[in-house]
Amino acid sequence: MYFVGEENLQIKKERLFLFQIFNSRTMKMIKLFAVATMLLSCIGMNAQNTVYVQWNPIDAKTSESSTSFNGFSAGYSKSFNLSSSIPFFIEIGGGVQYMWKKTTVEIEQGVTPQQVDAKIDMLSVKIPLNIGYAFHVPNTSITFLPFAGLVLRGNILGQFKVGDEKVNLFDEKEMQQLDNAVWQRIQFGWQTGLNIEFDRFLVGVSYGEDISKVAEDTKLRLKTVSVTAGFRF
C-alpha cells in the first residue's frame with residue numbers, strides 16, 4: 001500500500017535497489033524469450049501450428065484474501081520436435097487475454113452510504129514458452145500432450161471503474177488516491193497442463209501462477225486455470 005507523505009532516504013535507497021534488481025531480472029527474462037523465439041523461428045522441420053481460444057477463471061490471491069476474475073484468451077502457438085526418435089517438443093506462441101470482475105462497493109455520499117457498481121478489467125499480451133512430450137495412442141488419432149513452462153505477460157490496459165470515475169491501474173498518482181500500489185506492466189509466471197489432440201482438434205486444461213508480484217509492496221499474484229479448445233495444422 002502507498003501512503004501520502006515523505007519517505008526517508010534509506011527507504012528510497014532500498015526501493016531503488018529492489019527496482020534495479022527487478023529490472024535486471026525482467027530484461028534477462030525478456031532476452032530469454034526473444035532468443036528462444038528467434039531460434040525456433042529458424043527451425044522449419046516438423047513444426048506444427050495451433051490456433052486456440054481459452055476460458056480463464058483467475059484467482060487474485062494474497063496471504064490474507066482473494067478475489068476471482070473471469071478471463072478469456074485467444075492466440076496462436078507453434079511447436080517443434082526436438083528429436084526424430086524421442087517425441088519431446090518445444091512450443092512458443094502469443095495470445096491476448098482479457099480479464100474482468102464486476103462488483104459493488106460502498107461509498108459515502110452525504111450522510112447515507114450507497115452501493116455503487118464497480119468493475120476492474122485488464123487487457124494483456126502473453127507469450128508462453130513450454131516443453132512437452134507427445135504420447136500417441138497406438139491405432140488411434142489421439143495424442144496426449146503434457147507440458148510445462150514459463151509465461152511472459154505484458155499488461156497493456158487496466159482500469160478500476162467506480163460509477164462514472166475511472167482509475168488507471170498503472171498510474172502511480174491515480175492509485176495513490178486509493179491508497180493502493182501501482183500494478184506492474186511486465187509479469188512472469190509458470191504453467192503446467194495437458195492437451196489432447198484428436199483429428200487435428202485440440203482440447204486441454206492447465207494451471208499457472210505468477211512468479212512476480214502484480215503490484216509493488218504487495219503479495220498479490222494471479223493464479224490461472226485455462227480451459228483450451230483449438231485446431232492444429
Side-chain angles (χ1 to χ4, degrees), residues 28-59 61 68-100 122-155 186-212 221-233:
K28 287 179 180 178
M29 291 295 292
I30 291 175
K31 289 178 181 178
L32 171 63
F33 276 82
V35 170
T37 301
M38 288 187 292
L39 288 176
L40 291 175
S41 65
C42 297
I43 303 174
M45 182 178 59
N46 297 323
Q48 196 159 24
N49 305 284
T50 305
V51 290
Y52 64 86
V53 293
Q54 290 178 334
W55 173 53
N56 307 118
I58 298 170
D59 187 26
K61 191 171 185 179
S68 59
F69 288 80
N70 294 303
F72 178 81
S73 301
Y76 163 84
S77 65
K78 193 166 190 174
S79 59
F80 305 86
N81 290 342
L82 296 178
S83 169
S84 59
S85 57
I86 303 176
F88 280 102
F89 64 88
I90 288 181
E91 182 179 55
I92 192 166
V96 178
Q97 176 180 285
Y98 176 67
M99 56 176 278
W100 74 95
M122 184 166 69
L123 180 68
S124 306
V125 173
K126 57 183 181 180
I127 303 175
L129 176 61
N130 299 314
I131 185 168
Y133 185 88
F135 176 75
H136 180 71
V137 180
N139 303 318
T140 71
S141 59
I142 298 175
T143 303
F144 289 90
L145 304 163
F147 65 90
L150 300 173
V151 180
L152 168 66
R153 187 172 73 247
N155 300 320
I186 302 294
Q187 290 177 263
F188 297 98
W190 61 265
Q191 66 176 0
T192 184
L194 172 66
N195 290 326
I196 303 173
E197 178 188 0
F198 54 96
D199 292 330
R200 295 202 173 273
F201 292 96
L202 181 137
V203 295
V205 63
S206 63
Y207 174 79
E209 293 186 11
D210 284 350
I211 297 173
S212 57
R221 289 180 170 87
L222 302 184
K223 301 183 177 184
T224 306
V225 174
S226 299
V227 180
T228 304
F231 180 77
R232 310 194 85 186
F233 57 96

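Heavy atoms only: backbone and side chains are in, while hydrogens, waters and symmetry mates are out. FYI, the numbering just counts along the sequence from 1.
Proximity of a side-chain donor or acceptor of Ser212 to a complementary backbone N or O of Phe188 within less than 3.5 Å is detected.
For the pair Phe72 and Trp100, the tightest heavy-atom approach, listed with the atom from each and the gap, is N-CZ3, 4.3 Å. Closest non-hydrogen pair, Pro128 versus Gly94, comes out as CD-N, 4.2 Å. Nearest heavy-atom pair, Pro146 versus Phe89, reported as atom, atom and distance to 0.1 Å: O-CZ, 4.4 Å.
Here CD1 of Ile186 is found 10.0 Å from CZ of Arg153. Values are rounded to the nearest 0.5 Å. Interatomic distance, CG of Asp210 versus CG of Leu222, reported as 4.5 Å (0.5 Å rounding). Atom-to-atom distance recorded for Phe144:CZ and His136:NE2 is 11.0 Å, nearest 0.5 angstrom.
Shown here are the side chain to side chain donor-acceptor pair (under 3.5 Å) partners of Tyr133, two or more places apart in sequence or in another chain: there are none. With sequence neighbours excluded, the residues forming a side chain to side chain donor-acceptor pair (under 3.5 Å) with Ser85 are Ser83, listed by chain and number.
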Just do the side chain to side chain contact (heavy atoms under 4.5 Å, CB included) check on Glu91 and Leu145 with the steps written out, would you? CA-CA 11 Å; Glu91 182 179 55; Leu145 304 163; over 6 Å; no
Would you please test Thr224 and Asn56 for side-chain hydrogen bond (donor to acceptor under 3.5 Å, both in side chains) and show each step? CA-CA 6 Å; Thr224 306; Asn56 307 118; over 6 Å; no
Test side chain to side chain contact (heavy atoms under 4.5 Å, CB included) on Tyr207 and Trp190 and set out the steps. CA-CA 9 Å; Tyr207 174 79; Trp190 61 265; 3.8 Å; yes
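Surrounding CH2 of Trp55 are at most 12 heavy atoms belonging to other residues, nucleotides or ligands under 6.0 Å away. Enclosure of atom OH in Tyr98 by more than 12 non-hydrogen atoms of other residues, nucleotides or ligands within 6.0 angstrom is indicated.
Using a 4.5 Å cut-off on side-chain heavy atoms (C-beta onward), Ile58 and Gln97 make contact.
Under the side chain to side chain contact (heavy atoms under 4.5 Å, CB included) rule, Phe147 has a single partner from Thr192, Ile131, Asn130, which is Asn130.
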Under 3.5 Å, side-chain donor or acceptor atoms of residues 194-205 against the rest of the protein: list the pairs with distances, not counting sequence neighbours.
residue : atom : partner : partner atom : Å
Glu197  : OE1  : Arg232  : NH1          : 3.0
Asp199  : OD1  : Ser141  : OG           : 3.0

